[in-house]
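Reading through the structure tokens given below for one structure.
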Number of protein chains: 2
Amino acid sequence: MKIEDIIQSKAMPLGRKTALNLMYTSNLLQDKTAEILKPFDLSPEQFNVLRILRGQKGNPANLCTIQERMICKMSNTTRLVDKLLAKGLVERSVCQENRRKVEINITEKGLSILAEIDEPIDEHNSNIIKNLTKEEIEAFNETLEKIRD
Amino acid sequence: MKIEDIIQSKAMPLGRKTALNLMYTSNLLQDKTAEILKPFDLSPEQFNVLRILRGQKGNPANLCTIQERMICKMSNTTRLVDKLLAKGLVERSVCQENRRKVEINITEKGLSILAEIDEPIDEHNSNIIKNLTKEEIEAFNETLEKIRD
DNA sequence: TTACTTTAGTTGTATATACAAGTATTTAGT
DNA sequence: ACTAAATACTTGTATATACAACTAAAGTAA
């Protein structure tokens, strides 16, 4: 269904239409992601932070590194990490080289919950590109990059 | 900058990469929108609802209609509309044909604040497509549609 | 008419997030 | 070495949002 029909609004500037289409589609995706994560009691951003930590392959990450890589930058990463800490999915320690920093590591429990979630999430992610050719996907990702610049 | 470099993660499945790229870019856009709206004391969704109401061209909209057309569906449209009501940007009355429904209309004040905001928002929206050809934009919007299906 | 279901919206409460101010550590300048 | 500025994070507080329970009106059917 075309975005114009969904939001019932014909004849808008092309930039506005494109922006609304992008945000609308992204929100659908995020809602679906949240639904998949719900049984695991994780929010999309908590999940995202766990994946960032897993990507560190054993090296700790500090809060500002996490924040830089987050999909949705938020004003309070401390408390988001607190939630993961309370669930035993991450560990936190003071960085000895620079005592202002904290070092955050994913725990075994964190890794194992991620391993469980990867399947349904990647299945959904494959699903969103199932109607697209490889060229189309490539072009789409490039267009997103140009939009960000 | 490529999404892989932003989130520092090489070699992920194409679907995951595309999903992350889409959500990351959308969030940037929404943050920028929020920034533009800040001086007007409106959140992106409050602004969105005002535009939906303007699109009604004098006809009232009820809450479920608004919810259907919102970019970001939320669990509590009542209270979002309450905020707009408190600011005098919308009016609310009980629908006489079906007294379960409420009819919401945008006020003159609502229309005039929208008129002010349209400029900076559309300028930003034009900006995001400035590096794209017309064909590229068309293809992009079509791909978003396919992703939603 | 009465009872059951559905629809439309509201409200209570717990949690999340934003924003600003605060603390501790490090860096830089004199 | 002393002070000022910057960095990294934390905390208080106000506001926003999610979720579930609730109310009220309308439709349906025996």
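A note on names: the letters A, B, ... follow the listed sequences, proteins ahead of strands, and every chain is numbered from 1. Please read all numbers here as calculations on a predicted model, not as lab measurements.
Applying the side-chain contact (heavy atoms from CB on, under 4.5 Å) test between Thr25(A) and each of Asn27(A), Asn21(A), Leu28(A) identifies Asn21(A) as the sole match.
Atoms CG (Asn76(B)) and P (dT15(D)) sit 17 Å apart, rounded to a whole Å. Atom pair Gln46(A):CD and dA16(C):C1' shows a separation of 10 Å (rounding to whole Å applied). Atom CD of Gln67(A) is separated from atom P of dC19(C) by 13 Å (rounded to the nearest Å). When the P atom of dA18(D) is taken as reference, atom CG of Leu37(A) falls 15 Å away, rounded to whole Å. For the pair Glu45(B) CD and dA18(D) P, the interatomic distance rounds to 10 Å; values are reported in whole Å. Computed from coordinates, the Met74(B) CE to dC19(D) C1' distance equals 13 Å when rounded to whole Å. At whole-Å resolution of the value, CG in Asp82(B) and C1' in dT11(C) are 10 Å apart. Between Met70(B) atom CE and dT17(D) atom P there is a gap of 9 Å when expressed in whole angstrom units.
In this structure a side-chain-to-backbone donor-acceptor pair under 3.5 Å is missing from Glu145(A) to Ile3(B).
Contacts of Lys73(B) with the nucleic acid, taken as non-hydrogen atoms under 4.0 Å apart, are absent.
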- [ ] Go through the steps to decide whether Glu103(B) and Arg92(B) satisfy the test side-chain contact (heavy atoms from CB on, under 4.5 Å), and finish with yes or no.
- [x] CA-CA 6 Å; Glu103(B) 293 185 329; Arg92(B) 166 152 61 179; over 6 Å; no
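A residue-by-residue look at Lys83(A) and Arg92(B) shows that Arg92(B) has its nearest nucleotide of DNA chain C further toward the 5' end. Each of Lys38(A) and Arg79(A) was matched to the nucleotide of DNA chain D holding its nearest heavy atom; the match closer to the 5' end belongs to Arg79(A).
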Under 3.5 Å, N/O pairs linking protein and nucleotides 6-8 of chain C:
residue: dT7(C); atom: O2; partner: Arg100(B); partner atom: NH1; Å: 3.0

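Using a 3.5 Å distance cut-off with no hydrogens or angles, the side chains of Asn62(B) and Thr65(B) do pair a donor with an acceptor. Counted by atom type alone, Asn125(B) and Thr18(A) present zero donor-acceptor pairs between their side chains at under 3.5 Å.
Side-chain N/O atoms of Arg99(B) and base N/O atoms of dG27(D) include no donor-acceptor pair closer than 3.5 Å.
Residues Met12(A) and Ile117(B) do not share a hydrophobic cluster, clusters being chains of Ile/Leu/Val/Met/Phe/Trp/Tyr side chains in contact below 4.5 Å.
How far CE of Met23(B) is from CG of Leu144(A): 11.5 Å, rounded to the nearest 0.5 Å.
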